[in-house]
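Hydrogens, waters and symmetry mates play no part in the numbers below; they use all other heavy atoms, side chains included. Below, read A as the first sequence line, B as the second, and so on, with proteins coming before strands; counting in each chain starts at 1.
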Amino acid sequence: MSTSGTPQFRYTQTPSKVLHLRNLPWECAEEELIELCKPFGKIVNTKCNVGANRNQAFVEFADLNQAINMVSYYASSSEPAQVRGKTVYIQYSNRHEIVNNKSPGDVPGNVLLVTIEGVEAGDVSIDVIHLVFSAFGFVHKIATFEKAAGFQALIQFNDAETASSARNALDGRSIPRHVLYLLPEHVGSCHLRISYSAHTDLNIKFQSHRSRDYTNPYLPVNPTAIEGIMQPAVGPDGKKKELESNVLLASIENMQYAVTVDVLHTVFSAFGTVQKIAIFEKNGQTQALVQYPDVNTAAVAREALEGHCIYDGGYCKLHLSYSRHTDLNVKAFSDKSRDYTIPEASLLAAQQVSGYPAAPAAWQNPQAAPMYHGNEFSGAASMQAQGPPGQGPSWDPAMQAGRSTFVSVPSTFPGQTFHASSGPVYSSAAMPPGSSPLQTGPTTSSSMASRGISQPGGPPNLRPGGGASPPGVGPPGASPSYYGQ
DNA sequence: AGCACA
């Protein structure tokens, strides 16, 4: 009775030009592997830090004979293979080539992604992190956040060399003993898992309890961070208050009919100037971000539209919440996004959607402080490249008040998915203030809302049909209107 | 000290 034989140990393993190395020191760098193996032949690929303990590796030789040479050499050698004095066990791999030799986190860069295991976000302050990592060089920026993986921090160094020295020294280690006294007593172990981020320059908008930009001491302090809030904002009545924002997140339920940027613009313009719109898909559901100039307008729109349907019959029901974003960075004119603050885009939009006043080109932000420009390739050079304020449609990310201190690709920001340029990327960009509201200012528009719009069945007086009907959408014979359920 | 990915 022949079974498919269980794999035996090395004696019956078929040779492969890929070798499996075990019992490596966990610090083992690719260079050390190469050092060990290159006397036997040309190494074409490696994979380091494999296994739960990250103490295994694979090395692929150019030629099978080279791998055989190495295995047989150490099989008969009196001196075992060693890395830093540690005996390394070598055998043929059961695969014949190394695929995916590097995970994204292993590609060196100047920004580290640090996961601090076994702690809550409040346990390890950004100052402790700064202290620990400053041992390896000047830390430019830090952004911390909580994800499923735990408490994480992005730490930006000047270059990949500095970053890798920090990673090599700290990956897998606990926070060094000399700073442990800075941690709360209940924090027992807090191991650091460190990989490289694909980011090259973090976009820090405020000095706050969760983000720092050490290159720019003049960066404004996030007002909400002064009190060091670690708990949700609380309203006057003591109840938990949802964090407000000038940007609304709209989920569109029961979307039987296409909802275009123009439709959304029409709907949301009833409450004030819509600055930017971005439509995207999330979990198979269509969502949209709608940016107003201020929180008040957004609050009014939210109150009025929540639970209402764009089309009669329960179609395209809106669910609104506040986004964490305060300023969207969207393509000026595409089928999924619109930036009405850009004069050209407004013109373009006006060609298609007649009847809407173009947003005024107000680019000066009175709130703007001298700012550090945090785009992908920023640095001294890009700061100089900034044009003077008030000139044309620049992308100067003027500072604006807001509570989002660190904004990036939604939901994927610190994770392992990096969209460099695909899709809308939300980050800092200018928020031109003082755009003239379509109807009324924020304060009066709230009275407007209280007069009727928020009442089910009381549609706002603005209908897409009036010069802005979305092409061929909506139920037959029905122009978009608002119906309470 | 015993085989990787997502």
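- Of the N and O atoms on the side chains of A:Gln156 and A:Asp201, at least one donor lies less than 3.5 Å from an acceptor on the other residue.
- Rounded to an integer number of Å, the gap from A:Leu21 CG to B:dA4 C1' is 13 Å.
- When the P atom of B:dA4 is taken as reference, atom CH2 of A:Trp26 falls 22 Å away, rounded to whole Å.
- The CD1 atom of A:Ile98 sits 12 Å away from the P atom of B:dC5 (whole-angstrom rounding).
- Atom CZ in A:Arg54 sits roughly 18 Å away from atom C1' in B:dA1 (whole-Å rounding).
- By the stacking rule of 5.5 Å between ring centres and under 30° between planes, A:Tyr89 does not stack on the base of B:dG2.
- Looking at A:Gln91, its side chain comes within 3.5 Å of the base of B:dG2 through a donor and an acceptor atom.
- For residues 64-85 of chain A, the salt bridge (charged side-chain N to carboxylate O under 4.0 Å, His left out) pairs, not counting sequence neighbours, are A:Glu27-A:Arg84, A:Glu32-A:Arg84.
- Using the six-membered ring where Trp is involved, A:Tyr214 and A:His130 have ring planes that are parallel, under 30° apart on the 30 and 60° scheme.
- Nucleic acid contact class of A:Asn23 (heavy atoms, under 4.0 Å, all strands): sugar-phosphate only.
- If you take CD of A:Glu60 and C1' of B:dC3, they are 14 Å apart, rounded to a whole angstrom.
- In terms of position on DNA chain B, the residue among A:Val18 and A:Lys86 whose nearest nucleotide sits closer to the 5' end is A:Lys86.
- To the nearest angstrom, P of B:dC5 lies 11 Å from CG of A:Asn49.
- For the pair A:Asn55 and A:Val50, nearest-nucleotide mapping onto DNA chain B gives the more 5' position to A:Asn55.
- Within the 4.0 angstrom heavy-atom criterion, base atoms lie near A:Glu97.
- For the ring-ring contact (aromatic ring centres under 6.0 Å, His included) condition, the pairs that include at least one residue of residues 23-53 of chain A, sequence neighbours left out, are A:Phe40-A:Tyr73, A:Phe40-A:Tyr74.
- Under the 30°/60° scheme for interplanar angles, the aromatic rings of A:Phe58 and A:His20 are found to lie parallel.
- Distance, A:Leu24 CG to B:dG2 C1': 13 Å, rounded to whole Å.
- Comparing B:dA1, B:dC3, B:dA4 by their closest approach to the side chain of A:Arg22 singles out B:dA1.
- Between A:His96 atom NE2 and B:dC3 atom P the separation is 17 Å, expressed in whole Å.
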